[in-house]
Amino acid sequence: MHIFKELEARGFFYQFTDKNQIKKLITSGKTPVRNRVLPKVTFYVGFDPTADSLHVGHLLPIMAMRRLQQAGHKPIVLVGGATALVGDPSGKQEARPILTREQVAANAAALKAQLGNFISMDDAIFVNNADWFTEIRFLDFLRDVGYRFSINKMLAAESVKQRLETGLSYLEFSYMLLQAYDFYFLNREHDCTMQFGGQDQWGNIVAGIDLVRKMSSQEVFGATFPLLTDSQGQKFGKTAAGAVWLDSARTSVFDYYQFWRNCDDADVKKLLGFFTMLPVEEIAQLSELQPPALNRAKEILAYEATALAHGSGEAAKAYLAAGGKFGFADQERKIPTSSKIVEVKENQQVGIQDLPTYELLKSELTGDGIWIIKLFTDSGLCASNGEARRLIKGGGAYLNDQRITDQDLQITEADFTDNAAILKAGKKNIRRIVLS
RNA sequence: GGUGGGGUUCCCGAGCGGUCAAAGGGGGCAGACUGUAAAUCUGCUGCGGUAGCUUCGGUGGUUCAAAUCCACCCCCCACCA
C-alpha cells in the first residue's frame with residue numbers, strides 16, 4: 001500500500017489545505033521547489049519543549065513522521081525552543097506558565113533524544129527555532145513579518161476566538177507569527193514544503209502557508225492529524241497518574257505497557273493503526289476478534305507500542321510481568337500475528353522482578369517494622385497518607401495479595417519473601433517492595 | 001480612564017458572619033460485577049499516626065467568630081471612552 005493511502009487508511013489525517021496536491025506530492029515524491037524538482041518531500045512537525053519528556057499525546061504526529069520517513073521522505077523535527085518561551089494558546093483555555101530559557105533548553109535536548117527512538121535522526125533534520133529567533137530584531141520582525149498579518153484574519157482563527165472569551169495576552173497572540181515564520185524559514189533553508197500537526201495547529205499551519213506564499217512566492221501545504229480521544233471523549237493519554245510519558249523515569253515501562261493493554265475495546269482498531277507498524281489487513285483481523293480473544297489484540301498493541309518507545313526487550317519484560325499477574329490471552333498461539341510478541345516465551349520465570357519496584361532500606365524497618373500507610377505513600381502508590389487510609393478503608397489495599405484491613409498494620413521482615421513483597425493499590429497498581 | 005459584574009477546593013459551580021474542609025455536578029480512586037474492557041450499582045475524594053493544621057485572588061482590618069463584613073491592591077469579563 002502506498003504511504004498516502006496507508007496513512008489515510010489508518011485514519012491519520014483530519015484536514016488538508018489541498019488534499020489532491022498533497023496526495024500527489026507524497027505519492028510521487030516529486031516536489032517542485034524554486035525551479036527544481038526534488039526527489040522527496042521535506043516536511044516538518046514542531047514540538048514545543050514545555051516539559052522534559054514527550055507523552056503519548058505527542059505520539060500521533062511522531063508515528064506519522066516515522067512512516068513518512070520510511071517511505072523515503074525527509075522529516076524536519078522542529079523543537080520550539082523559542083516558541084515555548086511564548087506559549088501556544090491554541091486549544092488551551094488559559095495561558096501556561098512562562099518557562100525560563102534554561103528549562104526550555106534542557107527540555108529541548110530531552111525531546112530530541114526521545115524522538116530518536118521513533119525516527120532515524122541520521123536521515124532527518126533536527127532544528128531548534130531558538131537558533132533563528134534569537135537573532136531576529138523586534139523591529140525587523142514587525143516590519144518583515146508583522147505587516148503581512150491581518151489582525152482581522154487572526155481574530156477569526158478558531159484558536160484565537162476561543163481565547164478571546166477568557167483572555168489572551170499579546171505575547172500569546174504573537175505565537176502564530178512565530179510559527180508561521182518557522183515555516184517560511186524552513187522552506188527557505190531546507191526546501192520544506194509541508195507542515196503537519198495536531199488538529200489544534202490548523203490556524204498556525206495555515207498562517208505559515210500564507211506567509212511563505214507572500215514572502216517567497218512558493219506554494220506549500222499542510223495537513224492536520226485528528227485529536228485523539230478515548231471512547232468517553234476524554235483527551236487521550238491521561239490517566240490517574242496524569243499524562244503517560246515516554247520517559248521511563250516518569251512512567252515506568254510496565255505502566256506504559258499497561259496503559260495500552262487497558263484500552264477500550266472500541267479503540268483497539270484505531271490504536272493499532274496509529275501506534276503499531278502492523279499491516280492494516282492484520283489489524284482488521286485482530287480487531288475483529290471476539291471478546292476474550294480480543295485481549296490478544298490488546299496485548300499485541302501494548303507490546304508493539306512499548307517496543308517502539310522502549311525497545312523490544314523492555315516490551316517483552318512488561319508483557320511477561322503483566323501477563324504473569326493477570327494472565328495471558330493466547331499462550332497457544334491460535335491467533336496469527338506478525339508481531340514479535342509470538343517469540344516471547346510466557347513460561348519463563350521472568351515477570352515479577354520487572355514490576356515497578358520500590359527499594360526499602362532495611363534501616364526503615366525499625367522496631368516493630370514500617371507503618372503500612374507510610375509504605376503506600378513512600379512507594380508512590382498513594383499520594384498522601386490520607387489517600388492510603390481511604391484505600392485501606394475502601395478495601396483496595398493488598399499486601400502479597402492479601403487484602404489489608406488494619407490501618408495500623410506494621411510491615412516487618414516476616415512479610416518479605418526473598419527480600420521482596422508485593423504491594424497493590426487496587427487490582428492494577430502494583431509495586432514490588434525490595435529490601436536493601 | 002469610567003461604569004457594572006466577577007475571582008471558591010482537580011474542573012464547573014453553590015455558599016454570602018457561626019451548624020463550612022465548604023452543597024451539587026464532572027472528573028478521579030476503590031469495591032461489586034467482568035475479559036486487566038464497557039455499562040451499571042456502592043463507597044471515597046484538603047493535609048495530618050487524628051491532637052490538630054492549612055484552604056475560598058493578595059495584603060491588612062472589624063468581630064468571641066470571616067469564603068462570607070470593611071479598606072487597599074492584583075487579575076478577568078462586559079459595556080462605554
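Heavy atoms only: backbone and side chains are in, while hydrogens, waters and symmetry mates are out. Residue numbers begin at 1 in each chain, while the letters A, B, ... track the order of the sequences.
Contact annotation for A:Ala425: backbone-only contact, meaning every heavy-atom pair under 4.0 Å involves sugar-phosphate atoms and none involves a base. Among the heavy atoms of the strands, none lies under 4.0 Å from A:Phe328. Across all strands, A:Glu299 comes closer than 4.0 Å to no nucleic acid atom at all (heavy-atom distances).
Taking atom C1' in both B:rA21 and B:rG2, the straight-line distance is 40 Å, to the nearest Å. Separating the C1' atom of B:rC29 from that of B:rC77 is a span of 36 Å, rounded to the nearest Å. Nucleotides B:rG57 and B:rC76 place their C1' atoms 11 Å apart, quoted to the nearest Å. Look at the C1' atom in both B:rG48 and B:rA32: the space between them is 31 Å, to the nearest Å. For the P atoms, the distance linking B:rG18 with B:rC70 amounts to 15 Å, nearest Å. Comparing the same atom, P, in B:rA23 and in B:rC33 gives a spacing of 31 Å after rounding to whole Å. On the C1' atoms, B:rG13 is 13 Å away from B:rA22, given to the nearest whole Å. B:rA67 sits 11 Å from B:rG58 when the P atoms are compared, rounded to a whole Å.
Here A:Tyr319 does not reach the OP1 or OP2 of B:rU36: none of its side-chain N or O atoms lies under 4.0 Å away. At the phosphate of B:rA30, neither OP1 nor OP2 sits under 4.0 Å from any side-chain N or O atom of A:Arg390. Applying the 4.0 Å criterion to OP1 and OP2 of B:rG48, one finds that A:Ser384 has a side-chain N or O inside that range. Considering only side-chain N and O atoms, A:Asn385 lies nowhere under 4.0 angstrom from the phosphate OP1 or OP2 of B:rU50.
Nucleotide B:rG43 is matched to B:rC29 when pairs are restricted to Watson-Crick or G-U wobble geometry with both distances under 3.5 angstrom. For B:rU63, there is no paired nucleotide, since no Watson-Crick or G-U wobble pair has both relevant distances below 3.5 Å. Of the nucleotides present, none pairs with B:rG17 by Watson-Crick or G-U wobble criteria with both distances under 3.5 Å. Base pairing analysis places B:rC72 opposite B:rG58; the two distances defining the Watson-Crick or G-U wobble pair are each below 3.5 Å. Both distances falling under 3.5 Å, in either a Watson-Crick or a G-U wobble arrangement, place B:rA78 opposite B:rU3.
Enclosure of atom CD in A:Gln402 is not indicated, since only 12 or fewer non-hydrogen atoms of other residues, nucleotides or ligands lie within 6.0 angstrom. The environment of A:Arg333 atom CZ is dense: over 12 non-hydrogen atoms of other residues, nucleotides or ligands sit within 6.0 angstrom.
The distance between atom CZ of A:Arg261 and atom C1' of B:rG35, rounded to the nearest whole Å, is 8 Å. Look at CZ on A:Phe326: it is 13 Å from C1' on B:rA37, rounded to the nearest Å. Rounded to whole angstrom, the span from the NZ atom of A:Lys298 across to the P atom of B:rA37 amounts to 7 Å. Rounded to whole Å, the distance from CZ on A:Arg403 to C1' on B:rG31 is 7 Å. The separation between A:Leu294 atom CG and B:rU36 atom P is 12 Å, rounded to whole Å. One can place CD of A:Gln258 at 17 Å from P of B:rG35, the figure rounded to the nearest angstrom. Atom NZ of A:Lys424 is separated from atom C1' of B:rU36 by 10 Å (rounded to the nearest Å). As a whole-Å value, the separation of A:Lys427 NZ from B:rG35 C1' is 14 Å.
A heavy-atom distance below 4.5 Å is found between the side chains of A:Tyr358 and A:Leu375.
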Item to complete: Please test A:Phe376 against A:Ile404 for side-chain contact (heavy atoms from CB on, under 4.5 Å), starting from the C-alpha separation and ending with a verdict.
Response: CA-CA 12 Å; A:Phe376 266 107; A:Ile404 300 166; 4.1 Å; yes
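Residues A:Tyr303 and A:Tyr257 keep their aromatic ring centres 6.0 Å or farther apart.
Between A:Phe185 and A:Trp132, the angle of the ring planes stays under 30°, which puts this pair in the parallel group of the 30/60° scheme. Ring-plane geometry between A:His55 and A:His58 is classed as tilted, the angle between the planes lying from 30 to 60 degrees on a 0 to 90 degree scale.
Heavy-atom nearest nucleotides on RNA chain B were determined for A:Lys428 and for A:Ile370, and the one closer to the 5' end corresponds to A:Lys428. Where A:Ile373 and A:Gly396 meet RNA chain B, the nucleotide closest to each residue was compared, and A:Gly396 sits on the side nearer the 5' end.
Counting atom types as modelled, A:Asp265 pairs a side-chain N or O with a base atom of B:rG35 as donor and acceptor under 3.5 Å. A donor and an acceptor atom sit less than 3.5 Å apart, one in the side chain of A:Arg389 and one in the base of B:rU50.
If you check B:rU36, B:rA30, B:rG35 against the side chain of A:Leu391, the one that comes closest is B:rA30.
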